Amino acid sequence: MAIKYDHIKVETKWQAAWLKQNIYKATVNRSEKNKRYVLDMFPYPSASSMHVGHLEGYVGTDILSRYLRMKGFSVLHPMGWDAFGLPAENYAIKTGIHPDKSTHDNIKTFKRQLEISGMSYDWSREIDTSSPEFYKWTQWLFILMFKNGLAYKKKSPVNWCPKDETVLANEQVIEGKCERCDTPVIQKDLDQWFFKITEYADRLVSGLDGINWPSEVKVQQKNWIGRKEGINITYDIDGYSQKITVFTTAPVNFGASFIVVAPEYAEENLMTFIPSENQKEVSDYLKTSLKETELERTSASEKTGIFTGLYAINHVNGKKMPVWVTDFVLANVGTGAVQGCPGHDKRDFLFAKKFGIDIPRVIVGEDGYDGPIEKESQVVEHGMKGKFVNSDFLNGLDFEDGLQKTMDYFEKKGWGKRVVTYHLRDWLISRQRYWGCPIPMIYCKDCGWNPVHDNDLPVLLPSDVDFLPHGQSPIATSKTFQKDVKCPNCGKKARREVDTMDTYVDSSWYFIRFTDPNNKKEFAGLENIKHWLPVDDYVGGGHVVQHLLFARFFWKVLYDQGLIDKSLGDEPFLKLRAPGWILGSDSRKMSKRWGNVVTPDDIIPKFGADTLRVYEMFMGPFDVMKPWSTSGVEGANRFLGRVWRLYQEKPKAKVSAEVLAKLHQTIKKVGEDIESYKFNTAISSLMELVNTIQEHGADLETLKNLALLLAPFAPHMMEEVWVEYIHMTFSIHKAQWPSYEAKYIVQKEVTVIVQINGKVRTQITLDGRTSKIKEKVESEARKDAKIAKYLDGCEIKNIIFVSGKLLNFVTK
RNA sequence: GCCGAGGUGGUGGAAUGGUAGACACACGGGCCUUAAGAGCCCGCGAAUGUAUAAUUCGUGAGGGUUCGAGUCCCUCCCUCGGCACCA
């Protein structure tokens, strides 16, 4: 008599048993070389609970981890909390509830949701970035940066979000707006801490070549770093001793007819000697343009600018080039000054045309037209094909060759110097916010900034603060924080830094801490690092530039410091996969606003975690966007119901060759598919196997193997079947993954398709051996009435044979 | 504008250059049941055709390579994602 599957009872029973017996504990086995570190990007425990979209990646890595353990790998699969962050603090401002409390309430919810989903994390390694045990080492790493000249404090224009009242890293400004609250960012001159990530720019580019990451992520990182080779050219200013230096990647110098500089450049370098008749106009222009936000400046459709009254002398022809100020030149790109080559740059063309500046032609494009350049479409830009004209010693050279020759010539003459520039800026890590890791630095009037001594770490986050933002860190309002602070150098009264660190600092090294989470003496022990790292499989979405770039930077610093064994290489994440978003059933992004959010708590009580897991993986390819479907969940549930019923009947004594072949094909396919994150096709092949077994019946051995194959996907039901129905010892998740045998896969009977001129006309069934012999297959095919009819009266030109698969008659 | 990923039934999707649409969902029909539910069986790209047999068309559009193209090459269109007055 079949017993109905009670998913609530079964799932809670086994979850408790797994936890009690600690079966997912990652154990270091130093003799074993076959370790795998399978990591999810740890979540920020937000107030709105986890939904099925977040779970997608976690289910994928869980299946992979379970599979690898069964394959005999020693697997590290941990989970933790990116617990510091702005939302908890904003919530505190609104409600008065301390971020520590709300964050830890949220963590409880997240953890419960992961547990009821049947995740096989090693919870003994749980990490919380807001705990002093963790952030002590975040501070220690900051000091390491400082001691190695990689952390510095500097007054400079920085991105300021007026709503969150804090500075932001460049990486946190999206289209001129704050990544969190969409408020347009303004520039402020502030004294802030930076990490010198630019020092690693080249290695952050080159390291990408050797790692297995989605190409779009690599491309985006490369674009963000924005490495550009060009030349800095220094010009004399007519009538003055001062000079002006421009950066260009395409020195089309015979075609240069003006210079444009950023407002910031003009303010800093030119204002003092601009002719008096131009002074007022220029300073008016600077006033308006410097006040604008980056967003306002970049979204202006018309080019604006003002002539400074100054001229630079073009080295190659002695011509006077007017110097203009314009807000389309960005102060932090290159030198903040650009030479205008309007014939060969569309933006320069629009500017020259508007202000009536010369537009000389020095390149002829592929169309051969060499007349005056009057329309934007006639501009031949760098990157297009073309040859130099009107350029003295460059005439006749190809575009690119001519540029190189120009640069050689300029360097020889001492007029310019080749340089490499980057879009990447140093990482601004100061935040004028409370809920983050305090920066462990002390300022002394005499000794300047000094790090807190190691044995005084951690610098604890004070709790007596006023959360309301006042344009400085809330920590400044603490009465205790500055009490008895002395200079670590001279011992005189001093004061602590009151800013906290960007939370991306925490997530830049948490994956290292997982290898040795309870170490009280080191951020992580060398041996543990060496055993587990680098991360073999890293799964998570978003953070394509920020987190992944910062974490790579940290790793490289630690690698250079010898804190990471050289044998591990200088990239931390060998393989990266990003799960696709799950959309609501209305095909919109899951959001409270649309009321289309589905959480594990909506699905698990009704269908069980196994159904949720199988459905999420079956929906479609792991890395593409896909909409949620409630009827799809029911389908997954039906499938597991069919599986369950297979174990309610007495197994057959013998298994048919057909089922055996299917089983071994499935063993092969499921293993390969899991390794390559093709969970959807792994499940469909398991469905095929179940359909075959349902039709033909199976013996106990086959049913055992089916349970093993399904165990990573539906861990609870398969444990129940394993222990209670086929009476194997606990736990199936410690059992060995089945191996397939080629001899069973070879089928006795093979279907060969017969084509005439590439069109399938019939198929013939032959035994395995005959199907591999061309002559035999051909004679069999000719016997077929239909084929004979087609071939009647035709001249056969050729016969194509694919062994065991296909025969194609090519006729005239 | 540049870069990247895509475009296959009513839907999600599957296909080392070799039977396009596996596996599911939805839908239609049937069995079982007092009934409902669950379960089981059958059908399901389009067209012609006799519910059969068979044939033709069909993977965004158009060309090409090949005995054979969803898959490779060229041109174009569309969708999504990222970047963008970057010199």
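Given the structure is predicted, the values throughout are model-derived calculations rather than measurements. All chains are named by letter (A, B, ...) in the order of the sequence lines, taking the proteins before the strands, and each is independently numbered beginning at 1.
The nearest whole Å value for the distance from the CD1 atom in Ile764(A) to the C1' atom in U19(B) is 13 Å. To the nearest angstrom, C1' of C86(B) lies 12 Å from CH2 of Trp224(A). Whole-Å rounding puts the Met625(A) CE to C80(B) P distance at 10 Å. One interatomic measurement links the two molecules: CD of Glu695(A) to C1' of C23(B), which rounds to 15 Å at whole-angstrom precision. One can place NZ of Lys626(A) at 15 Å from P of G7(B), the figure rounded to the nearest angstrom. With rounding to whole Å, Asn680(A) atom CG is found 14 Å from C23(B) atom P. Rounded to an integer number of Å, the gap from CG of Asn332(A) to C1' of A84(B) is 14 Å. Here G6(B) presents its C1' atom at 11 Å from CD of Glu216(A), a figure rounded to the nearest Å.
Distance check on atom C1': G13(B) versus C23(B) gives 9 Å, rounded to whole Å. Taking atom C1' in both C32(B) and A22(B), one finds a spacing of 30 Å when rounded to whole Å. The separation of C44(B) from G30(B), taken at their C1' atoms, amounts to 15 Å, rounded to a whole angstrom. When the P atom is compared between C72(B) and G6(B), the two are found 10 Å apart, to the nearest whole Å. The C1' atoms of A20(B) and G68(B) are separated by 14 Å, rounded to the nearest whole Å. Comparing G81(B) with G64(B), their P atoms sit 36 Å apart, to the nearest whole Å. Taking atom P on both nucleotides, A53(B) is separated from A38(B) by 33 Å, rounded to a whole Å. Straight-line distance between the P atoms of G21(B) and U16(B): roughly 14 Å, to the nearest whole Å.
Under the 30°/60° scheme for interplanar angles, the aromatic rings of Phe679(A) and Tyr677(A) are found to stand perpendicular.
Counting non-hydrogen atoms under 4.0 angstrom, Val219(A) reaches the backbone sugars and phosphates but no base. No engagement by Val545(A) is indicated, since no non-hydrogen atom pair under 4.0 Å with the nucleic acid exists. Nucleic acid contact for Asn691(A): sugar-phosphate only, since backbone atoms but no base atoms lie under 4.0 Å from a heavy atom of the residue. As judged by a 4.0 angstrom heavy-atom cut-off over every strand, Phe618(A) is placed among the base-contacting residues. Residue-level contact check: Pro214(A) touches neither bases nor backbone, having no heavy atom under 4.0 Å from any strand. Residue Gln763(A) is classed as a base contact, given a heavy-atom separation below 4.0 Å to a base. Contacts of Lys218(A) with the nucleic acid, taken as non-hydrogen atoms under 4.0 Å apart, are absent. Among the heavy atoms of the strands lying under 4.0 Å from Val338(A) is at least one base atom, whether or not backbone atoms are also near. Base engagement by Asn808(A) is indicated by at least one non-hydrogen atom pair under 4.0 Å involving a base atom. Within 4.0 Å of Tyr790(A), counting heavy atoms only, lie sugar-phosphate atoms of the nucleic acid but no base atom. In this structure, Arg227(A) reaches neither bases nor backbone, as no heavy-atom distance under 4.0 Å exists between it and the strands shown. Note on Gly635(A): only backbone sugar-phosphate atoms sit closer than 4.0 angstrom, heavy atoms only; bases stay farther off. Looking at heavy-atom distances under 4.0 Å, Glu376(A) makes no contact with the nucleic acid at all.
A ring-centre distance under 6.0 Å is not found for Tyr790(A) and Phe809(A). Taking the centre of each ring, Trp324(A) and Phe258(A) stay at or above the 6.0 Å mark. Under the 6.0 Å cut-off for aromatic ring centres, Phe355(A) and Phe307(A) do not qualify, their centroids lying 6.0 Å or more apart. Here the two rings, on Phe399(A) and His382(A), have centers that are under 6.0 Å apart.
Remark: U48(B) base-pairs with A54(B). Criterion, Watson-Crick or G-U wobble with two distances under 3.5 Å. Summarising the base pairing, A35(B) is matched to no nucleotide, lacking a Watson-Crick or G-U wobble pair whose two defining distances lie under 3.5 Å. Summarising the base pairing, G18(B) is matched to C67(B) through a Watson-Crick or G-U wobble pair whose two defining distances lie under 3.5 Å. Pairing for C76(B) is with G60(B), a Watson-Crick or G-U wobble pair whose two hydrogen-bonding atom distances lie under 3.5 Å. When Watson-Crick and G-U wobble pairs are counted only if both distances are under 3.5 Å, C83(B) pairs with G1(B). Under the Watson-Crick or G-U wobble criterion, with both distances below 3.5 Å, C23(B) is paired with G12(B).
There is no side-chain donor-acceptor pair under 3.5 Å between Ser629(A) and Ser585(A). A donor and an acceptor atom, one from each side chain of Asn314(A) and Gln339(A), are nowhere located under 3.5 Å apart. Using modelled atom types and a 3.5 Å distance limit, the side chains of Asp202(A) and Tyr422(A) yield a donor-acceptor pair.
Here Lys759(A) reaches the OP1 or OP2 of C57(B): one of its side-chain N or O atoms lies under 4.0 Å away. Close to C2(B), at under 4.0 Å from its OP1 or OP2, lies no side-chain N or O of Arg347(A). For G37(B), the OP1/OP2 oxygens have no side-chain nitrogen or oxygen of Arg638(A) closer than 4.0 Å.
Environment of CH2 in Trp415(A): crowded, with over 12 heavy atoms of neighbouring residues, nucleotides or ligands closer than 6.0 Å.
When the nearest nucleotides of RNA chain B are assigned to Thr335(A) and Ser629(A) by heavy-atom distance, the more 5′-ward of the two goes with Ser629(A). Each of Ala636(A) and Gln339(A) was matched to the nucleotide of RNA chain B holding its nearest heavy atom; the match closer to the 5' end belongs to Ala636(A).
Base orientation for G9(B): syn, the chi torsion being within 90° of 0.
No donor-acceptor contact under 3.5 Å links the side chain of Gln220(A) to the base of G4(B). In the interface, the side chain of Lys805(A) is paired with the base of U16(B) through a donor and an acceptor atom under 3.5 Å apart. For Lys303(A) against C85(B), a side-chain N or O and a base N or O form a donor-acceptor pair under 3.5 Å.
Closest approach to the Pro627(A) side chain among G18(B), C25(B), G12(B) is made by G12(B) (side chain taken as heavy atoms from C-beta onward). The Arg645(A) side chain lies nearest to C40(B) when the options are C40(B), C23(B), U19(B). Side chain of Gln755(A), nearest nucleotide from C40(B), G18(B), A87(B): G18(B). Distance from the side chain of Val329(A) is smallest to A87(B) among A87(B), C86(B), C67(B). Candidate nucleotides C67(B), G13(B), C86(B) were compared by shortest atom distance to the side chain of Pro621(A), and G13(B) ranks first. Closest contact between the side chain of Lys786(A) and the listed nucleotides U55(B), A5(B), C86(B) involves U55(B). Looking at the side chain of Arg761(A), the nearest of the listed nucleotides A87(B), G18(B), U56(B) is U56(B).
For the pair Arg552(A) and Trp224(A), the NZ or CZ position fails the cation-pi test of under 6.0 Å to the six-membered ring centre and within 45 degrees of the ring normal.
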